[in-house]
Amino acid sequence: MTAADVRGSDPGDGRTAACPVDVPQRPASPLPQRPASSPAPGPASSPAESGFLAADWAEIIEHFREGLIVCDGNGVVRHVSPVAARLLPEVAVGELLAASGIVSLAADAGVGELTHRGRRLRVRPAPLAAARCCWYVEDVTDSVTRADALLAARARSAFLARVGEKLGNPLHPDRAAAAVVRLAVPTLGDVAVLVSAPRAGRARWWRAARTDDETPTVDGGVLSAVDLPAAIDEALAGSEPHALDWLVEQAVEAGWLPGLDTTDTTVRVVPLPGRDLPAGVLLVARGAARRYDDDDLDLARAFAARAGAAMTTAVLYRDQAEVADTLQASLVPVEPAQTAGVQWGTAYRPAQAGLRIGGDFYGSHRLPDGGSVFFLGDVSGKGVEAAVFTGQLRQCLQALHRVQPHPGRLLRLLNDALLETTMMQGQGRFATMVLGVVRPRREGGLTLTMSGGGHLPPLVLRASGEVESVDLTGMLIGVVPEPRIGEVTVDLEPGETCLLYSDGVTEARGGRRGDEQFGTERLVHALTGCHRMPAPALAERIEQVTCDWLAHGDHDDIAVLALRATGPHGRPARHLHAVPPSS
């Protein structure tokens, strides 16, 4: 072998650019020492001239990072470096390379990777002169492991990011739970089961199972709290079960592992963090090909944390929605009680449509003598606080009208009750109101006795089509101990209507510029010619005209109460069958 057959290594990356051929198999000798005074060899110097021999090159090759296997033209191994011998002990000098049984070192194989004796190896051939070949063998186990770990970490981060995005929307516990188990398959397991914390002695469960088309199917059911598997009870108490051997058995007994070979299935259980106790428990199961390791369990816990937050939020939203629904059902204005000779018409539109409640209110209570107490008012403020105050006011009215049916004295009693309530609660709430008593007249028609507490004056639609404003004044309710209360009596002939309304009608801002109030004048104009309308249609018309003026803009609570005098025995007057005029 000559020096021309050997090429040195590339100092830049530690790889050899080529390899030696037919390196003699003899112990390496130390490099010859060149005297310090000897001149350095020139670029055209041969190995002999420079002081290097073939044996010296063999010693240098042994320190390469890559292992070297050199074969002659017949495929017989002529040299194996120590690194190659350590990585591929099956390769022997003097034997055919094919006899080693390593497919990646076949004559027609190219660059590739193989797993050999627990290590990841990268091999690449380099042709030499005279049909000879050199194989470079590099141990890339550590770099591949780091790359795989990085890819796995990125995949876990992407998975958790997608989970956070998907679980940010459902605000219903059932939809949130279905999303949780659907997201858990197949990343966390072939089957995922979520068991919610028991409620009223029963626990809901949802299950997602992997299918051939990669779209998990979701089903669920209900279990009695006493029938929950022991592992679930332990997890609901806030700790992960330590005994794993019986998890599969319990999951099978619960019927949660369809399509899995239970003799070779791994199950893990993690709690879903909640406010005080877990919001539920997540059970995941895999077949034999995918065992759970520490990274898998860490991922399951991170997933469970996000799922627990979503479930807790959904449950909290559900509980608050139930409370809100209950309160709304008790606070929404109730239709007036039927009264002889009276046709009632109502319209109501709260400022916050989503709440369905507001600060305006109306209603009536029947009196023993055949008449009724009726009222329409408006409390200060908007939203839930105003609605709660409205509820208190309505409860006071319901109790006090049995004690004092006279409108003026009843309004003063109500003022005293509201003052006491607001002082106890430290609130500055007040209300405006028209409160009256309606009684049918023997000859037909109605007599209305009304008291005013700082509210807008009622309007009366006479049978002639004229619109009259009732001169009713008074002070706010719930402000001073002895308010001035106005009182007036109005007679309605059959077919005539008295209209009560809140300031949400007259103060509605709209028009061309969007900031002009609707006002009393436009309201009177809208009522003119509508005296033949039934009370429900008239109330609906006022609401519609007001909303048209608003043009979908913001508005205050709107409330309308219409009382129409019917004919004898409650029949409409005969002249009230004409078609209502258009607006």
Side-chain angles (χ1 to χ4, degrees), residues 333-337 339 342-348 358-367 371-380 386 389-390 393-394 396-398 400-401 404-418 429-439 446-461 467-479 483-492 496-507 520 523-524 527 535 538-539 542-543 546 556-565:
V334 180
E335 291 302 310
T339 304
V342 178
Q343 183 187 48
W344 301 99
T346 61
Y348 180 69
D360 290 0
F361 59 95
Y362 56 75
S364 74
H365 299 292
R366 191 178 294 111
L367 295 174
S372 290
V373 174
F374 64 92
F375 52 88
L376 183 144
D378 182 5
V379 304
S380 58
F389 186 62
T390 300
L393 192 151
R394 287 169 51 189
C396 290
L397 270 175
Q398 188 171 12
L400 293 175
H401 87 275
Q404 178 55 261
H406 186 273
R409 291 190 290 269
L410 176 57
L411 205 52
R412 289 186 174 87
L413 286 177
L414 182 63
N415 179 77
D416 295 341
L418 292 182
R429 296 287 181 184
F430 61 88
T432 66
M433 181 184 300
V434 173
L435 189 149
V437 173
V438 55
R439 289 186 173 89
L446 301 172
T447 297
L448 280 61
T449 304
M450 295 180 287
S451 295
H455 199 79
L456 296 169
L459 298 175
V460 175
L461 279 72
V467 179
E468 297 179 0
S469 178
V470 178
D471 186 15
L472 181 63
T473 60
M475 298 177 62
L476 299 175
I477 303 301
V479 177
R484 177 173 52 82
I485 303 296
E487 186 171 315
V488 66
T489 298
V490 175
D491 290 329
L492 297 181
E496 296 183 335
T497 304
C498 179
L499 182 74
L500 282 63
Y501 54 94
S502 67
D503 59 6
V505 175
T506 55
E507 296 181 5
T520 305
L523 175 61
V524 171
L527 291 173
L538 183 65
I542 299 306
E543 179 191 7
T546 305
D556 199 354
D557 300 323
I558 297 173
V560 179
L561 176 67
L563 297 79
R564 183 180 180 82

Check your understanding: Does any non-hydrogen side-chain atom of Phe374 lie less than 4.5 Å from one of Thr339?
Key -> no

**Study point:** Check: Tyr501 side chain, Pro457 main-chain N or O, donor-acceptor pair, under 3.5 Å
**Key:** yes

Practice item. Report yes if some heavy atom in the side chain of Pro458 is under 4.5 Å from a heavy atom in the side chain of Val434; otherwise report no. Key: yes

Check your understanding: Can you check whether Leu456 reaches Thr432 side chain to side chain, under 4.5 Å on heavy atoms?
Key -> no

Practice item. May I have the step-by-step check of side chain to side chain contact (heavy atoms under 4.5 Å, CB included) for His401 and Leu367, ending in yes or no? Key: CA-CA 8 Å; His401 87 275; Leu367 295 174; 4.0 Å; yes

Review point. Does any N or O in the side chain of Thr449 come within less than 3.5 Å of the main-chain N or O of Thr447, such that one atom is a donor and the other an acceptor?
Key: no

Practice item. Identify, with sequence neighbours excluded, every residue that meets side-chain contact (heavy atoms from CB on, under 4.5 Å) alongside Pro336. Key: Trp344, Thr346, Ser364, Leu561

Review point. Is the shortest heavy-atom distance from the side chain of Met433 to the side chain of Leu397 under 4.5 Å?
Key: yes

Point to revise | Distance-minimising heavy-atom pair for Cys396 and Leu414 | key: CB-CD1, 3.6 Å

Check your understanding: Taking the side chain as C-beta and beyond, is there a heavy-atom pair between Met475 and Asn415 under 4.5 Å?
Key -> no

Review point. Judged by atom type as modelled, is there a donor-acceptor pair below 3.5 Å linking the side chain of Thr546 to the main-chain atoms of Val505?
Key: no

Review point. So, Gln343 side chain and Arg564 main chain: donor-acceptor pair closer than 3.5 Å or not?
Key: no

Point to revise | side chain to side chain contact (heavy atoms under 4.5 Å, CB included) between Tyr362 and Arg394, worked out | key: CA-CA 9 Å; Tyr362 56 75; Arg394 287 169 51 189; over 6 Å; no

